[in-house]
2 protein chains.
Amino acid sequence: MPEGDGVTQPVGASDGTSEGAAACSVDVRLTMLARTPLFRGLEDHEIEGVNARCRARAVQPGELVFRWGEPAESLFVIATGQVKLMEHASDGRLVVLDLFGPGEFFGSAPALGDDAYTYDAQAVTAGCVLALSAETFERILHDVPLVALNALALTSQRLRDAQQTVHALSTLAVEAQVAATLLRLAAKFGEVGPAGTRLEAALTQVDLAAMSGTTPESVNRVLSAFRRRGLVDSGRGWFVLKDRAALEALKDSH
Amino acid sequence: MPEGDGVTQPVGASDGTSEGAAACSVDVRLTMLARTPLFRGLEDHEIEGVNARCRARAVQPGELVFRWGEPAESLFVIATGQVKLMEHASDGRLVVLDLFGPGEFFGSAPALGDDAYTYDAQAVTAGCVLALSAETFERILHDVPLVALNALALTSQRLRDAQQTVHALSTLAVEAQVAATLLRLAAKFGEVGPAGTRLEAALTQVDLAAMSGTTPESVNRVLSAFRRRGLVDSGRGWFVLKDRAALEALKDSH
DNA sequence: CGCACAATTGACAGGTGTCAAACATAGTGG
DNA sequence: CCACTATGTTTGACACCTGTCAATTGTGCG
């Protein structure tokens with residue numbers, strides 16, 4: 001997040017790991033809620049109303065915010081950190097459906113047609129999520145029509161993204177899958193630097209595989225080939241996209 | 001095909017083959033709009049208001065309702081018939097994203113976050129679709145909050161379905177894919193009969209392949225195996241699921 | 001310093017896509 | 001009513017991609 005000074009955080013958040021344990025401050029919550037696309041266009045007092053009705057929760061890396069099948073009782077907005085949504089197949093393999101960052105929401109509620117969570121939500125980094133109970137969310141939807149419209153537009157957009165993923169999984173070879181996944185992640189979380197776009201989200205090759213519909217070994221072979229060709233650079237938990245144009249080209253060819 | 005000129009044909013032929021060429025009658029339109037989940041809970045006069053603002057269009061099998069990339073100017077509600085949504089890959093292969101029937105809606109509008117259609121919409125059978133202009137749809141969304149809530153719930157549900165498709169494509173072998181696709185179609189369009197659930201939607205094995213992320217040849221081999229095992233029966237353009245339990249079991253095993 | 005975990009690489013087999021050809025069916029026109 | 005034709009279906013052979021299993025190397029952390 002580029003905001004820098006980050007609005008007077010009184011809590012002694014030295015840096016890095018320590019911010020994880022503490023729930024975020026009221027200031028941070030208000031700032032994040034105002035920036036959340038779901039609440040775009042709301043008046044300040046409406047934002048404060050939402051804030052008053054939500055409950056902050058600090059999460060540790062790897063911690064599950066909720067599990068598949070648990071009753072759908074909350075919607076979450078990410079204040080800081082990243083959360084990944086995943087399902088596990090019967091044989092134990094994982095599928096990562098999406099990766100969300102600050103300002104994005106996830107979860108389930110009867111108003112969205114779900115009685116139970118339809119995936120696991122796991123914190124990737126330390127951070128803080130704001131929980132809205134299903135009843136609260138429903139009340140907001142009714143009281144503030146704009147939120148319903150925002151939610152509709154955002155969900156439609158996600159549906160479109162999911163359909164593109166279906167398209168990719170149906171047609172692309174593993175090499176193209178990995179290229180597409182890297183580009184998708186870079187567009188959302190990449191930090192542009194001198195050597196290229198850097199991805200750092202505690203993302204392992206296992207995660208990449210689970211997002212690309214393939215195995216860690218195959219991901220590794222593809223990455224090795226990319227590295228030999230000078231397209232990417234990578235290490236333990238990080239990736240740098242050095243030649244996005246070439247990756248784009250790969251993505252579009254079978 | 002029967003006559004092609006027909007406009008506003010009186011109620012007359014309520015079903016059967018003759019309904020194809022003609023745009024549907026006002027009665028049919030009102031009945032269908034009242035049944036459409038998108039407009040669930042609306043008062044009669046509101047339904048009539050929607051009907052007054054929409055434009056009926058008859059479609060022939062194979063006819064494109066709209067193409068990928070055209071400006072997103074309409075939302076469509078299916079009155080009769082079936083419509084499939086598809087994308088075509090760079091190499092020409094098709095991917096069928098979804099198959100919709102009476103009462104379901106598709107299309108794009110700026111209110112949903114799209115400036116252009118994100119897929120091709122092709123009529124599978126003869127039928128009639130009702131078109132709402134983007135401006136009209138947006139006006140309805142604002143004037144009738146219930147529609148926005150319905151749209152949100154329906155879109156969320158579709159997103160969930162798409163995520164399950166992603167999960168399936170990421171983990172399942174071709175055999176399981178085909179089983180899953182057949183079950184999904186049967187749940188939505190199957191007609192229960194003495195011999196099993198029958199699928200008849202002018203669905204070819206090519207379509208099945210495009211929905212299962214594989215090739216027509218592979219689909220055929222799988223179907224042949226299923227037929228030998230007594231799980232399904234199939235012919236030119238139709239399928240009968242004879243043992244749904246066995247197919248369900250297949251779907252869940254790698 | 002050593003442990004746990006991620007990354008890397010190789011060998012191998014099976015599944016699937018590709019190419020090709022024969023066959024069956026439904027709708028067409030004579 | 002029947003042959004004809006376009007289209008969908010069926011089957012075979014084959015290569016190659018990719019998943020699986022296994023072992024080694026490298027990195028970060030306690």
Side-chain angles (χ1 to χ4, degrees), chain A residues 16-17 60-62 89 91-95 124 126 168-179 181-182 199-210 212-228 232-240 250 253-254, chain B residues 1-2 17 20 60-62 89 91-96 124-126 168-179 181 199-228 232-240 250 253-254:
Chain A
T17 56
Q60 299 297 328
D91 65 343
R93 276 178 61 184
L94 283 181
V95 180
V124 176
L169 286 170
S170 298
T171 59
L172 300 184
V174 167
E175 188 185 58
Q177 287 288 350
V178 175
T181 303
L182 284 174
L199 269 174
E200 185 121 29
L203 271 182
T204 68
Q205 292 181 4
V206 177
D207 292 316
L208 250 193
S212 308
T214 182
T215 61
E217 292 94 332
S218 289
V219 165
N220 184 290
R221 284 181 234 277
V222 170
L223 281 176
S224 296
F226 284 174
R227 203 175 313 130
R228 273 195 301 276
V232 307
D233 204 0
S234 71
R236 189 190 179 94
W238 57 267
F239 310 91
V240 174
L250 268 178
S253 72
H254 188 312
Chain B
M1 292 302 100
T17 55
Q60 300 296 328
D91 65 344
R93 276 179 61 183
L94 283 181
V95 180
V96 174
V124 175
T125 65
L169 286 170
S170 297
T171 58
L172 300 184
V174 168
E175 189 185 55
Q177 288 287 350
V178 175
T181 304
L199 271 175
E200 185 122 29
L203 270 182
T204 70
Q205 293 182 4
V206 177
D207 291 316
L208 251 193
M211 285 190 238
S212 308
T214 182
T215 61
E217 293 93 331
S218 290
V219 165
N220 184 288
R221 284 181 236 275
V222 170
L223 282 176
S224 297
F226 284 175
R227 203 175 314 128
R228 273 195 300 277
V232 305
D233 204 1
S234 71
R236 190 191 178 93
W238 58 267
F239 309 91
V240 173
L250 268 177
S253 72
H254 186 308

**OP:** Assess whether side chain to side chain contact (heavy atoms under 4.5 Å, CB included) is satisfied between A:Leu208 and A:Leu203, documenting all intermediate values.
**Re:** CA-CA 7 Å; A:Leu208 250 193; A:Leu203 271 182; 5.8 Å; no

Subject >> Which atom of B:Asn220 lies closest to which atom of B:Gln205, heavy atoms considered >> reply: ND2-OE1, 3.0 Å

Original post:
For nucleotides 8-19 of chain D, read 5' to 3', which letter fits each nucleotide if B means a protein heavy atom sits under 4.0 Å from the base, S means only the sugar-phosphate is that close, and - means neither?
Top reply: SSBBBB----SS

Original post:
When you measure from the side chain of B:Ser253 to the backbone N and O of B:Leu250, does any donor-acceptor pair fall under 3.5 Å?
Top reply: yes

Original post:
B:Asp233 and B:Arg227: side chain to side chain contact (heavy atoms under 4.5 Å, CB included), yes or no, with the steps?
Top reply: CA-CA 6 Å; B:Asp233 204 1; B:Arg227 203 175 314 128; 3.9 Å; yes

Original post:
Any idea which heavy atoms bring A:Leu169 and B:Ser170 closest together, and the distance?
Top reply: CD1-OG, 3.6 Å

